[in-house]
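What follows is one structure encoded as structure tokens, with my remarks underneath.
In this chain, residues are counted from 1 in sequence order.
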Amino acid sequence: MTPRLPSPQQLKVPPTPQSPILFGWSFWVQWVVATGLGFLVSLLWVEIGVRPHLGAISAAVGSSFIAIAQWFVLRQRLSHISWWIIATITAWVLIGSSSLGALGWIAPRTELITMRLLYGFIDGAIVGIVLGLGQWFVLNRYFPNAAWWLPISSLSWAVSLPSGWVIGGILRSITGLFFAEVIGLTITWLAIAALSGFGFLRLLHHNGIQ
């Protein structure tokens, strides 16, 4: 007697798990693109300036576009992550209200490269800590090791802000155009997204979230 073969409907093929490498690459690219686009869209409402002309209002408006863009990426992995938007905007309002101003949209007055490096590193580290602390209050409910987000955020800003300021300063000295500062700040935000994206990816990976 010939044995009956199962019908195609009865065959159950287990789903192929997503490759960790593919997942990491996908998340990182989405995070960088979302952050970069959020910053570029924010320029339609916030004009790049110098201190003290950009404060809390500019910081609130500009950061809202970036926070919402990042939220679109995070909500695919973390449920009920809407507080990320509120935490990010709140932190930026605090930063904008301080002597730092809306630093993500500010070009330094000086064109000296050494000064841009020095103040970019110091101011960037401070911004990263304040922003990271605000976002930590949200991430803490998802990750037991969420405290790592503070050094990740601070280091990302401490490295990226002076880098963007230096590039903007060099391009400005060559072209004589203030638009070079916009290019520098765009590079700053892309670098921040790249570095923080890797850090976020480690948090997701260590906590088994794909």
Side-chain angles (χ1 to χ4, degrees), residues 22-49 54-96 100-107 124 127-143 146 149-150 152-161 163-164 168 181-205 209-210:
L22 179 61
F23 161 76
W25 174 252
S26 173
F27 173 84
W28 184 82
V29 169
Q30 291 177 41
W31 182 260
V32 173
V33 171
T35 303
L37 287 178
F39 171 70
L40 292 177
V41 172
S42 75
L43 297 182
L44 297 176
W45 282 267
V46 180
E47 183 178 357
I48 300 298
L54 297 181
I57 296 178
S58 297
V61 174
S63 64
S64 63
F65 293 99
I66 296 172
I68 292 173
Q70 292 176 338
W71 168 76
F72 272 107
V73 178
L74 292 177
R75 69 173 186 156
Q76 301 176 38
R77 278 88 181 178
L78 304 174
S79 60
H80 309 295
I81 193 65
S82 300
W83 281 99
W84 176 270
I85 300 175
I86 298 175
T88 300
I89 296 175
T90 301
W92 269 111
V93 168
L94 293 175
I95 296 169
L100 294 174
L103 205 60
W105 294 264
I106 286 178
V127 168
I129 282 290
V130 176
L131 185 61
L133 183 61
Q135 294 168 341
W136 169 82
F137 281 105
V138 180
L139 298 178
N140 191 46
R141 61 176 293 190
Y142 298 95
F143 309 122
W149 184 248
L150 274 71
I152 290 173
S153 177
S154 182
L155 181 61
S156 298
W157 274 91
V159 171
S160 302
L161 187 62
S163 300
E181 303 288 6
V182 178
I183 298 176
L185 285 173
T186 301
I187 293 174
T188 290
W189 278 101
L190 290 175
I192 289 168
L195 294 175
S196 64
F198 279 123
F200 217 126
L201 189 59
R202 298 305 298 173
L203 287 177
L204 293 171
H205 176 72
I209 300 177
Q210 294 189 10

Show the numbers, then the answer: is there a side chain to side chain donor-acceptor pair (under 3.5 Å) between Trp105 and Ser58?
CA-CA 8 Å; Trp105 294 264; Ser58 297; over 6 Å; no

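- The minimum heavy-atom distance linking Ile129 with Leu150 is given by the pair CD1-O, 4.2 Å.
- To the nearest 0.5 Å, the span separating OG on Ser163 from CD1 on Ile187 amounts to 9.5 Å.
- With contacts defined as side-chain heavy-atom distances shorter than 4.5 Å, the pair Leu103/Leu161 qualifies.
- Residue Gln30 holds its CD atom at 5.0 Å from CD of Gln76, rounded to the nearest 0.5 Å.
- Of all heavy-atom pairs between Ser63 and Trp92, the closest is CB-CD1, 3.3 Å.
- The nearest pair of heavy atoms linking Ser156 to Ser196 is OG-N, 3.4 Å.
- For the atom pair CG (Leu139) and CZ (Phe200), the distance works out to 4.5 Å, reported to the nearest 0.5 Å.
- What you find for Ile95 and Leu131 is that their closest heavy atoms are CD1-N, 4.3 Å.
- By the ring pair (Phe, Tyr, Trp, His ring centres under 6.0 Å) test, Phe198 is found to be paired with Trp28, residues two or more places apart in sequence or in another chain being considered.
- The CG atom of Leu203 sits 5.0 Å away from atom CD1 of Ile152, with the distance rounded to the nearest 0.5 Å.
- Minimum interatomic distance between Ala59 and Gly96 (heavy atoms only, all atoms of both residues): CB-CA, 4.1 Å.
- Annotation: the span from Thr188 atom OG1 to Ile183 atom CD1 amounts to 12.0 Å, rounded to 0.5 Å.
- Side-chain atoms of Tyr142 do not come within 3.5 Å of backbone N or O of Leu204 as any donor-acceptor pair.
- Ring centers of Phe65 and Trp45: under 6.0 Å apart, within the cut-off.
- Contact check for Val138 versus Trp149: no side-chain heavy atoms found under the 4.5 Å cut-off.
- Annotation: side chain of Trp84 is not in contact with side chain of Leu78 (no heavy-atom distance under 4.5 Å).
- More than 12 non-hydrogen atoms from other residues, nucleotides or ligands lie less than 6.0 angstrom from CH2 of Trp71.
- Between Leu54 and Ile48 the shortest heavy-atom distance is CD1-C, 4.3 Å.
- From Leu40, atom CG reaches atom CG of Leu185 across 11.0 Å, with rounding to the nearest 0.5 Å.
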Can you give me every donor-acceptor pair (side chain of residues 32-39, partner residue at least two apart or in another chain, under 3.5 Å) with its distance?
unit_1	atom_1	unit_2	atom_2	d
Thr35	OG1	Trp31	O	2.8
Thr35	OG1	Gln70	NE2	3.2

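- The side chain to side chain contact (heavy atoms under 4.5 Å, CB included) with Thr90 is formed by just one residue from the set Thr88, Ile86, Val93; it is Ile86.
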